[in-house]
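In what follows, a structure is listed as structure tokens, so that the remarks can point back to it.
All values below come from the heavy atoms of this structure, side chains included, with hydrogens, waters and symmetry mates left out. Keep in mind that what you see is a predicted model, and the values were worked out from it rather than measured. Chain A is the first sequence line, chain B the second, and so forth, proteins listed ahead of strands; every chain is numbered from 1.
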Amino acid sequence: MTIPALGDLNLYAALPAIFLALFTTFLLIIDLFIASEHKNNTAYLALGALGIAFIWNLLTFNNNTTAFLGMFVADSFSGFLNMVVLIGAMLTILLSMDYLRRMGIEHGEYYSMVLFSTAGMMFMGSANNLIVIFIALELLSIPLYVMAAIRHQDVKSEESGIKYFILGAFASAFFVYGAALIYGATGTTNLPAIFTAVGDIVNTGSDSIFYLVAGAALIIVALGFKVAVVPFHMWTPDVYEGAPTPVTAFMSVGAKAGGFAALLRVMVVALPSLTVNSSDAAAVWQLTIAVIAALTMILGNIVAISQTNIKRMLAYSSIAHAGYILMAVAAAGSAGVGDASTRGMLVYLLAYTFTNLGAFAVVITLEKEDGSGTAIEDFVGLGKSRPFLAAMMAFFMLSLTGVPATAGFIGKFLVFGASVEAGLIWLAVIGVLTSVFSAYYYVRIIVNMYLRDTDKPAEVVGETPFVKYATYISFTAVLVLGLFPALALNLLGGAQITLASLF
Amino acid sequence: MESLSLTTITLFLPMVGLTILLFLNEEKQKGAIQWTAFGFTIVTFVASVIMLFGFDSSNPNLQMVQRNDWLPSLGISYYVGVDGISMLMVLLTTIIMPIAVLSSFTTHIFEERGRIKLYYMFMLLLEWAMIGVFVVQDLIIFYIFWEITLVPMYFLVGIWGGEQRVYAAVKFFLYTMAGSILMLIAILYVGGNAGTFALPEILAKLQSGEVSFLFDGVFSTQSFLFLGFLIAFAIKVPVFPLHSWLPDAHVQAPTAGSVILAGVLLKMGTYGMIRFNLTMFPEATVAWAPFVAALGVIGIIYGAWVSFAQTDMKKLVAYSSVSHLGFVVLGIFSLTPQGIQGATLQMINHGISTGGLFLIVGMLYERRHTKLMAAYGGIWKAMPLLGGISLIVSLSSMGLPGLNGFVGEFTILLGALGSDVLGIFFALFATTGVIMAAVYMLYMFQKVFMGELDKEENKNLPQLAWQEVAVFVPLLILIFWIGLQPTGWFNVMATTTEQLVANMTPYIAPLVAIAP
């Protein structure tokens, strides 16, 4: 075996992610020299690093190159995805700074964890090889386990961390098993090479198809766990409720973006032609994913209706949204719809990141030191006491519902469009019907804020500058994306992860 | 940069007003807030009148068109323009809005609920969205405006409404959203197949046969698309049996909210049927017309019947809306030029007379804090001016010849009789609705205004303030104008409706051929 020269690795393509990972290692050391009352400096450094990575990523947006001998690919898909996760991470840090101090759980390592996890998400979006996906998955997940349990004085937070860790470990195992089966059938872990091998297997009618189908199923299980789709969602409400709120916010957008990126890439690059008969129009996994998406939308939205705690409600809402995004993956199973569904998924993720982080920012504003203040009842009268804050929250809720002129609508519109294009009209119908269910519980927040009278309006305890910035940024982004979606779509250009962009 | 068309200017004037309101102080500048809002509804009205003068009624096509890219990669554009029917709907909106705003000056809702600035901001937002619905020619942007109208109305009912306002507001929101979201699927399907969401381009492609929606029976692709649009519109109208949200919303809404709801919002549904169902899905329209028209006739009779049983004035007027809009639906699905013209005129008539009735009920409620008819009696003696106005408005609502309601209903019945797709029974049953309307309207008038002034509380009711009189002036002018000189109104939309029906004739003709 020859060792490739450094030049052949073409590290340049992966530099934003490598930079972030390396910087984080240094940040761990630098943090030792920052006094505990000045931990904000660590946060500033982390923000700076994310900012640099963000700009760097924009500069190298449409490179379409590979690194690490084809194991890592930088195309407009990964470029856009990096943008989403970097924005998510920056907003998370803004949300965390004052919150951690207020709750008495400020640790310098926290920020390094956020960065490590973000680097994992970036690798995940670019991974072009099952092994790299696995490593990225672990890099993404392990910091999140720690972050969920960082409020270790609180038994709920501990439970959250342990639960997430144990179930996450199972999911990783499933992934490895799936990857092994696919490797056994095709003899490679490289996604484009798997694609070629799958073509041969399907055409020759070889029995290896069973290993492929089983492998694909196991990978769907593993990544389905990460992005919390039914029936692999059981951990979500407990973990989301127990984890510190900014961590919940980060998990709900970042981990989801990473998981979906890997899922879409595996399905679209490696397995699009996995059919039982070579004449079938749609891939064999399409129906499975479509059914999972439908179940996820139905269960997520219906259970969310009965929640009384806003963090749990947003947890179920995030399950429901995973269902909508999964619609895009299902649509990608039909030939020729890959581009539309990629576009739909990316824009949906961007819209959801801003909207959900904005909503969590408002939740953080209301959350008290003892952890109370997160009941849906606690929003009563917010419209009177803080009209502008309430207006922004109302806007986030409408965006989550998918009301036009918000970012959420654009996302839903593209995803439904892709699904109709793929001929999955029944799925689109379930999507819109469940959107109506979802209106019920999102609108209930608005009802509480504006329509219900109370003598003692909602108290706002955590409206610190950084949280405010995060809320304003999210609000502006949701509004601008809703009114001028062309901005995001132009950036996306012809984002595609079809084979053409990989060679 | 393309220059702005008059349509765009009219559309965005309310938004300018809304922006100015943002910077006014709620506590100190109450008067300024009211007058700014009122001023901008008047300016918008003036702009729409200028549009009318620039409108060439001999041209059936879109006029004062403007088009800019919004999402070019998906074929979505900001595309506005008016034809005869939209022109009249825009006018209706800009006439009703100043009346609704002015009527809010004298209400007492702000004493208890406050937030006067938010209220007027929602009014202007609503005007913007409603004009948007009537002028946009792109399916997606239409859908966007259509859904946006929900938000301000939801808040108007939910914040400034009656006792059960939260229930009514949520019901209104969910009910209408459930309907319209199915329309989104239909829109996506149509736009995805046509490669563009611009209605004129889609129609051109349908005409040339470049795109077609399969029709091979009552349950085919085209029928499902037709129903996707129709259900959304039918809920908005509302067509029996999808009307159950309407009485709740009307009863709980503040007076101005009811006026707008009855005056304009419901018309979005009937307008949508004309604009989208009849044009894009002609075969399905012809096939389903008897069914939809039958629902319209059931609505006429059912609405009238239920109105008669009410003890609450506002509920009575709300159910009478179901009845009146049944006429409009019947007119549209007669698929004749007369029927559609009568329906369009009746939309305006209903906006005027029902809007007027809601204003009257609102004024009585302001004075007596009850909407029950039993609490009144002999009010003519206490408030002769209101009594006189109410008589005219009630007569207009029941369709007395010489007033506006008659012209609309008469034309619709003519259209229904001359229709090739509907039988004679439709007109026959619909006519009974006219009689029943007279019964319940006169019953209400007699209970409230006639008889002895026997209740002590009613003896010293304050007379109408000047603002209250002012809101009726334009309504009364229109009642007589349309009633006595309707020709001008028909002229505006004549060519548009004729072209619309001409495009459908090929699909109606086979029916005529096989008819005995």
Assert top hit (heavy-atom pairs under 4.5 Å, partner chain B, pool Y450(A), F416(A), F484(A)) equals Y450(A)
When the 4.5 angstrom heavy-atom criterion is applied to I148(B) and chain A, the contacting part is side chain
Looking only at heavy atoms, the pair that brings A405(A) and I144(B) closest together is N-CG2, 4.2 Å
Shortest non-hydrogen pair, I185(B) vs V429(A), comes out as CD1-N, 3.9 Å
Original post:
When you look at OH of Y440(A), are more than 12 heavy atoms from neighbouring residues, nucleotides or ligands closer to it than 6.0 Å?
Top reply: no
Please check if the distance between the ring centroids of Y143(B) and F409(A) is under 6.0 Å. yes
For residues 419-427 of chain A against chain B, heavy atoms under 4.5 Å, the residues are V420(A), I425(A)
**Report entry** Check: W70(B) side chain, L483(A) main-chain N or O, donor-acceptor pair, under 3.5 Å
**Finding:** yes
From the list P404(A), P387(A), G402(A), A394(A), the residue making the most non-hydrogen contacts under 4.5 Å with chain B is P404(A)
Turns out that what part of L184(B) lies under 4.5 Å from chain A's heavy atoms comes down to side chain
So, the part of L150(B) with a heavy atom under 4.5 Å from chain A: the answer is neither
Between A178(B) and V436(A) the two heavy atoms that sit nearest each other are CA-CG2, 3.6 Å
When the 4.5 angstrom heavy-atom criterion is applied to I187(B) and chain A, the contacting part is neither
Heaviest contributor of heavy-atom pairs below 4.5 Å to chain A, chosen from W160(B), F173(B), F145(B), is F173(B)
Honestly, the part of V403(A) sitting under 4.5 Å from a heavy atom of chain B is side chain
Assert top hit (heavy-atom pairs under 4.5 Å, partner chain A, pool V170(B), I140(B), L174(B), V151(B)) equals L174(B)
